[in-house]
Amino acid sequence: MIDLHTHTNQSDGTLAPAELVTTAATIGLDALAITDHDTLSGYDQALPCARECGLDLICGIELSAAYRGRSTHVLGYFLKGLPSAEFREWVLELQRTRLQRNQHLAEKLQTEGFDITLDEVAARGSNLIGRPHFAACMMKKGYVASIQEAFDKYLAENGSCYVPRNEPTFAEATAQILKTGGIPILAHPYRVLGGVGPVECYVHEMRSMGLKGIEAFHSQQPVDVTNFYKRLAKRFSLALSGGSDFHGETKSDIKLGTGINRNLNVSRTILDNLRSLNPAEPLLTPFELHV
Ligand code: AMP
Ligand code: MN
Ligand code: MN
Ligand code: MN
């Protein structure tokens with residue numbers, strides 16, 4: 001079993017990078033990808049521990065990207081070599097837009113009557129701060145009973161205090177990942193495509209923007225949806241990926257490797273296939289493969 005989608009406390013997870021590696025080794029994962037939001041710091045910190053444990057650790061990242069008026073998530077996997085200094089610089093720019101969004105979000109919450117400052121939210125994190133840190137702070141102060149309630153009422157895209165962020169476009173995010181030798185994968189397509197709308201058009205268009213694969217296996221979707229995305233990937237000649245989206249205590253129902261109530265078991269061959277891809281070469285033309 002492998003897990004190609006996890007977060008450390010360098011973004012919105014709660015385990016320190018070395019703790020995540022130790023946990024992965026203890027439960028016997030064959031490979032682990034750290035895919036923190038907008039930072040490679042978790043991977044950088046985890047590497048010495050992974051070497052000691054003999055764990056196959058993969059450098060990854062999860063980027064927010066604007067597509068057709070929605071915020072989508074793109075995973076980048078760096079399997080042939082680590083990202084360039086230029087890519088790291090570009091990521092620093094993303095962190096700046098995140099900080100601006102956080103400042104505006106804190107102001108908006110204050111305007112709405114919540115006694116919350118950015119400093120106290122930031123004190124809950126170790127590096128990069130995201131909406132889950134705001135949610136945890138709102139829960140600690142008794143404004144909501146759970147992190148989920150904070151999202152549903154205030155922080156989600158349709159929440160009353162939502163503040164949009166200046167995100168790169170989907171095309172730019174995939175292009176930056178490709179340029180540094182990475183493989184761009186659409187994270188949890190269920191959240192973007194949701195089974196509604198012209199799915200074929202979305203996937204086809206995303207593929208033309210450089211997308212190489214979709215995260216067909218994810219802990220927060222029903223089994224029939226997983227099967228649908230497997231067929232979709234085959235039809236459009238896209239690679240498959242999968243992971244739990246482990247965040248530690250931020251999303252305590254999601255367990256490393258096994259997902260929610262053991263609904264996940266991603267096979268090592270998924271990683272072998274990704275490793276055999278050459279990001280510089282196009283995949284087969286779509287419609288060549290039929291389900
Ligand atoms: P940010 O990158 O700071 O905008 O925060 C996004 C993170 O918040 C995601 O990676 C998830 O961990 C979490 N998140 C986003 N939307 C929701 C939601 N509707 N319910 C629960 N958690 C969410
Ligand atoms: Mn997250
Ligand atoms: Mn995501
Ligand atoms: Mn994630």
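As the structure lists them, so they are numbered: ligands from 1, and atoms in each ligand from 1. For the single chain, residues carry numbers from 1 onward in sequence order.
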Which atoms of ligand 1 sit under 4.0 Å from any heavy atom of [X]?
| X | answer |
| --- | --- |
| Gln148 | 20 (N), 21 (C) |
| His247 | 12 (O) |
| Gly130 | 3 (O) |

Is [X] salt-bridged to [Y], cutoff N-O under 4.0 Å?
| X | Y | answer |
| --- | --- | --- |
| Arg68 | Glu205 | yes |
| Asp38 | Arg165 | yes |
| Asp56 | Arg275 | yes |

Donor-acceptor side-chain pairing of [X] and [Y] below 3.5 angstrom:
| X | Y | answer |
| --- | --- | --- |
| His133 | Asn102 | no |
| Ser11 | Asp36 | yes |
| Gln45 | Ser41 | yes |
| Asn263 | Ser219 | no |
| Glu157 | Ser71 | no |
| Asp12 | His247 | yes |
| His5 | Glu215 | yes |

Seminar exercise, completed: min-distance N/O/S atom, Asp12 vs the Mn ion (ligand 2), resolves to OD2
Looking at [atom], what's its closest protein heavy atom, distance included?
| atom | result |
| --- | --- |
| atom 15 (C) of ligand 1 | Phe151 CE2, 3.5 Å |
| atom 2 (O) of ligand 1 | Arg98 NH2, 2.9 Å |
| atom 6 (C) of ligand 1 | Arg131 NH2, 3.6 Å |

Which bit of [X] gets closer than 4.0 Å to ligand 1, counting heavy atoms only: side chain, backbone, both or neither?
| X | result |
| --- | --- |
| Glu62 | neither |
| His7 | neither |
| Asp12 | side chain |

Polar atom proximity, [X] to ligand 1 (N or O, under 3.5 Å):
| X | result |
| --- | --- |
| His37 | yes |
| Ser64 | no |
| Asp152 | no |
| Arg165 | no |

Exercise. Does His133 come within less than 4.0 Å of ligand 1, judged by its heavy atoms?
Worked result: no
Exercise. So, does Arg101 sit close enough to ligand 1 that a heavy atom of it is under 4.0 Å from the ligand?
Worked result: yes
For this session: Step through the shown structure and confirm whether more than 12 heavy atoms of other residues, nucleotides or ligands are within 6.0 Å of CD on Glu93.
Result: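 Atom CD in Glu93 is packed in, count exceeds 12.
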For this session: Spell out, as yes or no, whether a donor-acceptor pair under 3.5 Å connects the side chain of Arg101 to the backbone of Pro164.
Result: no
Problem set entry | Metal environment of the Mn ion (ligand 3), protein N/O/S under 2.8 Å |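 Listed by chain and number, the nearby protein N, O or S atoms are Glu62 OE2, His73 ND1, His188 NE2.
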For this session: Could you point out which residue of Leu274, Leu32, Ile34 forms a side-chain contact (heavy atoms from CB on, under 4.5 Å) with Leu4?
Result: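 In the set Leu274, Leu32, Ile34, the residue that makes a side-chain contact (heavy atoms from CB on, under 4.5 Å) with Leu4 is Leu274.
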